[in-house]
Trainee: 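Supplied in structure tokens, the structure appears directly below.
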Amino acid sequence: MALSWNEIKDRALQFSKEWIDETRERAEKDTFWNDFFNVFGISRRRVATFEEPVKKLGDKQGFVDLFWKGTLLVEHKSKGKDLDKAYEQATDYFPGLKEHELPKYIIISDFEKIKLYDLEEKTEHEFQLKDFYKNVKLFGFIAGYQKRTFKEEDPVNVKAAELMGKLHDQLKNFGYEGHPLEVFLVRLLFCLFADDTGIFEKDIFKEFIDTKTNEDGSNLGALIAQFFQVLNTPEEKRLTNLDEHLNAFPYINGKLFEETLPIAAFNSKMRDILLEASSLDWGKISPAIFGSLFQSVMNPEERRNLGAHYTSEKNILKLIKPLFLDELREEFKKIKSSKPKLHEFHKKLSTLKFLDPACGSGNFLIITYRELRQLEIEILRELFKSDELVTDISDIVWLDVDQFYGIEYDEFAARITETAMWLIDHQMNMKISEEFGQYFARLPLKKAAKIVNTNALRIDWQEVVPKTELSYILGNPPFIGKKEQNKDQKKDLMTIYSGVKGVGVMDYVTCWYILSAQYIQNTKIKVAFVSTNSIAQGEQVGIMWNELFNKFQIKIHFAHRTFNWKNKAKSNAAVHVVIISIANFDLKSKSIFEYDDINAEPHERKVKNINPYLVEGNDLFIVNRKKPICNVSKMNYGSMPIDNGHLILNDEEKIDIIKKEPIVEQMLRQYTGGYEFINKKKRWCLWLGNINPNIIKKSKYVLNKINETKSFRLQSKREATNKLSNTPALFGEIRQPNDDYLIIPKVSSETRKYIPIGILNSEIITSGSALVVPDASLFELGVLTSEMHMAWVKYTCGRMKSDYQYSASIVYNNFPWAKNPSEKNKKKVEIKAQKILDVRIEFPDSSLADLYDPLSMPPKLVKAHQELDKAVDLCYRPQVFINETARIEFLFELYNEYTMPILIEEKKTKKKK
């Protein structure tokens, strides 16, 4: 068992007294260092050697005074010698060492002074021998006691994963694969971590590999198999003649080493990889990222993106703090002066239970457990601050890993989670050991987090943990948009949304909301998930929240509006996400976390209610509508050729055919969609509805294109398309206005402040990639191209990737136009709208993409839009909208006013039926 800090400090003081004694023989440096290691309860003979031969620069032979491979190099000099020169001598040995042998620390001493160099942290400490006991914690690395600073992007994280990835590939190449390989690697990960964090005696596993196995690796597999067996055997049941080195390992239990695995075959390369891995400081790897990094070990493709696979602690805290942690800390703050209340609060913490139903490699569970254990330490600090004696730490530490539950589809990730929970438990045990000055470790392992390896969408969650026992559900379920879903995932969606129309558009993550809502019925369980922001936009909102509100009576408790979910990995693609917390009961006060910029820090705003678009407002959602809720012009799709491209030409084709058959020119019309309109590209189409048949018959080219269109339509599997073969000269769906009309691109970049909308004459045919508003006025153009309308777009519009995907049925038909604006204000909007069209004309060589790029938008156009925005705002109200949030909240209130009578009328109609 490791010594407590109090014991180490006492030993350090005794060591200093003995070696300061002038009668002591100063030349006994071997004895000095044996005693030094004994301060930490470590046998020097087990880990380090004296007079280790090493080749120096220039191939000169040198001898290191004391060498602990991969950890420590000591240079010991006579009293009064130059310690800086001794340090240079120590570093001269480095070229002769293998990479895994390079030390992390150097100690220089002359019996009177000690100087410690931390090579990784680039720090140094010097003190007199008499003050050793005051500085003893600097040497905690010897006993595995060490303060750890976890850096998410620390190179050791990636290096560790790379090495384990190499070992994985080697084992798999030799036929060691599947379940045995996954379990084998999880065990090795545990042992490497245990070697540096006090679970094992410091570096005992590394020494076992280095000294007990053949350099060619021939006996390594068999010895590791025996080693695993020893870890699963209580000390009193081990063979009496067991190798002394193996017998020094503790009994682990916890079922981690229970299963008998096939014996792996190793070679010298694989042994070197394992040795190099064991030389890393695994204590620097936070279990919070441990899981995600090593999940990538199993997948060489993912390994190329190391660092992109874990969720940052900062982002996890955005979820768990408002879900429960802030509330618990606030409660602790209020009752910390009362011991009886602290005891009750401590008991409460020990009864909380958490479920992550898509736990991956355990990030959310790990951070949650760590934060609760930290809070427990603070509770215990208050309870025992009057120097009340704690005889056994195990009696006062009540929180344990069995308060945590997870469901995970991937077996390796599930086992990683279980293991990582033990590791974070050990780290927190070391922290409380330091707090109370006595060693505390939970060995053998008796409790474990319950991580079920299955598809969370096909299991009753009450089989994992009864809802009567659970406190919180949290996590980051797989997002997976409709286009990325496989057949099984689509089947899951259809099953969970059974009987609901339009499910095909839903993201996979929404399934977890539905199942959570079912599970938490009639409970006080709170739920919070990270999700793609698409579930709070467009048509998904109406489908999911109709279920959550009307079927399960769900309320939103807090929400983070859209922010960038990313890490600092070079290859990491940022995802725009939201965090939404729900429950089956209401709260008087709720919180919205808003971001001035998607990469900025959030600021909290207290509100009375949060709607599904994550703004303050009533529990409403927007549904598909066939006509506008206001008295405005109808919006249609453009015309669809349904021709397989036979009726469409580009500029080159047009020029070429007119040269060959000039008669074709009168049969062509400019043909534009959203892309062509924005990017000033020209295409053409054969528009033959008003062309006399005798003219058509004069062109072989046109007749051929008509014939090809007819053939394409006849070959279609759709009956409706087959019928269109009767009129092969015409577009399949014709919705071309007879007069000037508005064109609205269906897809537009989110980086533009405004969607470029324009007016076209009826001679230009608009394709299905744009929407049209026939007979629209300048007033309607002005409103649709204003900041007011864009606020509505941002919250209700669907997305194609991150671009806006405008729709008539969701966005336009639900848009609340200003109520009864004055003729004066309407006229002002028309004037300002015309001004925008006029400014655009001043830049004939620029496309709308150029004009509306935020980096190149002309100042004149910016000013014109600002003037239009003010004019449109005045149509709605005289008061200024101070920000976008105020604007969208106003629009939702107005929407509610417009739709309430419609809703009442719809209900009356249903009753009559």
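The figures that follow rest on heavy atoms only: side chains count, while hydrogens, waters and symmetry mates do not. What you see is a predicted model, and the numbers here were worked out from it, not measured in a lab.
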Trainee: Going through the distances and angles, do F190 and L231 end up as a side-chain contact (heavy atoms from CB on, under 4.5 Å)?
Mentor: CA-CA 11 Å; F190 178 89; L231 294 180; 5.7 Å; no
Trainee: List the residues meeting side chain to side chain donor-acceptor pair (under 3.5 Å) with S218, not counting sequence neighbours, and say none if there are none.
Mentor: N214, D216
Trainee: Does D196 offer a backbone N or O that forms a donor-acceptor pair with the side chain of D281 under 3.5 Å?
Mentor: no
Trainee: Please assess V397 against R373 for the test side-chain contact (heavy atoms from CB on, under 4.5 Å), listing each intermediate value before the final yes or no.
Mentor: CA-CA 9 Å; V397 177; R373 284 293 302 272; 3.8 Å; yes
Trainee: If I take atom CD from residue E235 and atom CG from residue L242, how far apart are they, to the nearest 0.5 angstrom?
Mentor: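 Here the interatomic distance stands at 10.5 Å.
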Trainee: Can you list the residues that meet the ring pair (Phe, Tyr, Trp, His ring centres under 6.0 Å) rule with F227, with sequence neighbours excluded?
Mentor: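 Result, ring pair (Phe, Tyr, Trp, His ring centres under 6.0 Å) vs F227: F205, F208, F249.
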Trainee: May I ask you to check whether E52 and T49 show a side-chain donor-acceptor distance below 3.5 Å?
Mentor: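 There is such a pair (donor and acceptor under 3.5 Å, judged by atom type) between the side chains of E52 and T49.
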Trainee: Can you name the residues that form a side chain to side chain donor-acceptor pair (under 3.5 Å) with T532, not counting sequence neighbours?
Mentor: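 If we apply the side chain to side chain donor-acceptor pair (under 3.5 Å) test to T532, skipping adjacent residues, the hits are D507, S534.
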Trainee: Looking at residues at least two apart in the chain, or sitting in another chain, which of them share a side chain to side chain donor-acceptor pair (under 3.5 Å) with Q170?
Mentor: none
Trainee: Indicate yes or no: at least one non-hydrogen side-chain atom of Y508 is less than 4.5 angstrom from one of K482.
Mentor: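 Result no, sub-4.5 Å side-chain heavy-atom pair not found.
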Trainee: Does the side chain of I199 reach to within under 4.5 Å of the side chain of W422, using non-hydrogen atoms?
Mentor: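 No, side chains not in contact.
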Trainee: Using the test side chain to side chain contact (heavy atoms under 4.5 Å, CB included), find all partners of K237 that sit at least two apart in sequence or belong to another chain.
Mentor: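 In terms of side chain to side chain contact (heavy atoms under 4.5 Å, CB included), with neighbours along the sequence ignored, K237 is linked to T233, P234.
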Trainee: Under 3.5 Å, is there a donor on one side chain and an acceptor on the other for Y472 and T368?
Mentor: no
Trainee: Determine, for K255 against E418, whether the closest basic-nitrogen to carboxylate-oxygen distance falls under 4.0 angstrom.
Mentor: no
Trainee: Can you name the ring pair (Phe, Tyr, Trp, His ring centres under 6.0 Å) partners of F228, sequence neighbours left out?
Mentor: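 Result, ring pair (Phe, Tyr, Trp, His ring centres under 6.0 Å) vs F228: F184, F257.
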Trainee: Using ring pair (Phe, Tyr, Trp, His ring centres under 6.0 Å) as the criterion, list what pairs up with Y117, not counting sequence neighbours.
Mentor: Y87
Trainee: Run the salt-bridge test on D169 and K172 with the 4.0 Å N-O cut-off and return the result as yes or no.
Mentor: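 Salt bridge absent between D169 and K172.
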Trainee: Applying ring pair (Phe, Tyr, Trp, His ring centres under 6.0 Å), can you list everything that pairs with F404, at least two apart in sequence or on another chain?
Mentor: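 Listed in chain order: F354, Y369.
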Trainee: Kindly write out the residues that satisfy side chain to side chain contact (heavy atoms under 4.5 Å, CB included) with T260, not counting sequence neighbours, or none if the list is empty.
Mentor: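 In terms of side chain to side chain contact (heavy atoms under 4.5 Å, CB included), with neighbours along the sequence ignored, T260 is linked to no residue.
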Trainee: With sequence neighbours left out, what residues match Q485 under side chain to side chain donor-acceptor pair (under 3.5 Å)?
Mentor: none
Trainee: Output all residues satisfying side chain to side chain contact (heavy atoms under 4.5 Å, CB included) with Y409, sequence neighbours left out; order by chain, then residue number.
Mentor: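 Y409 satisfies side chain to side chain contact (heavy atoms under 4.5 Å, CB included) with N455 once adjacent residues are dropped.
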Trainee: If you measure from the Lys or Arg side-chain nitrogens to the Asp or Glu carboxylate oxygens, is any gap between D402 and K353 under 4.0 Å?
Mentor: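 No, D402 and K353 are not salt-bridged.
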Trainee: Tell me whether K56 forms a cation-pi arrangement with Y93, defined as NZ or CZ under 6.0 Å from the six-membered ring centre and within 45 degrees of its axis.
Mentor: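 Pair K56/Y93 counts as cation-pi.
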Trainee: Minimum heavy-atom separation for V64 to V74, with atom names?
Mentor: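 Heavy-atom minimum between the residues: CG1-O, 4.0 Å.
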Trainee: What is the distance from atom CG of L280 to atom CG of L163, rounded to the nearest 0.5 Å?
Mentor: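 It comes to 6.0 Å.
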Trainee: Between D203 and W68, do the side chains contain a donor N or O and an acceptor N or O under 3.5 Å apart?
Mentor: yes
Trainee: Mind checking the OG1-CD1 spacing from T454 to I407? Nearest 0.5 Å is all I need.
Mentor: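 Nearest 0.5 Å value for the OG1-CD1 distance: 8.0 Å.
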Trainee: To the nearest 0.5 angstrom, please state how far the CD1 atom of I273 sits from the OG atom of S278.
Mentor: 12.0 Å
Trainee: With sequence neighbours excluded, give me every salt bridge (charged side-chain N to carboxylate O under 4.0 Å, His left out) pair touching residues 452-462.
Mentor: R458-D492
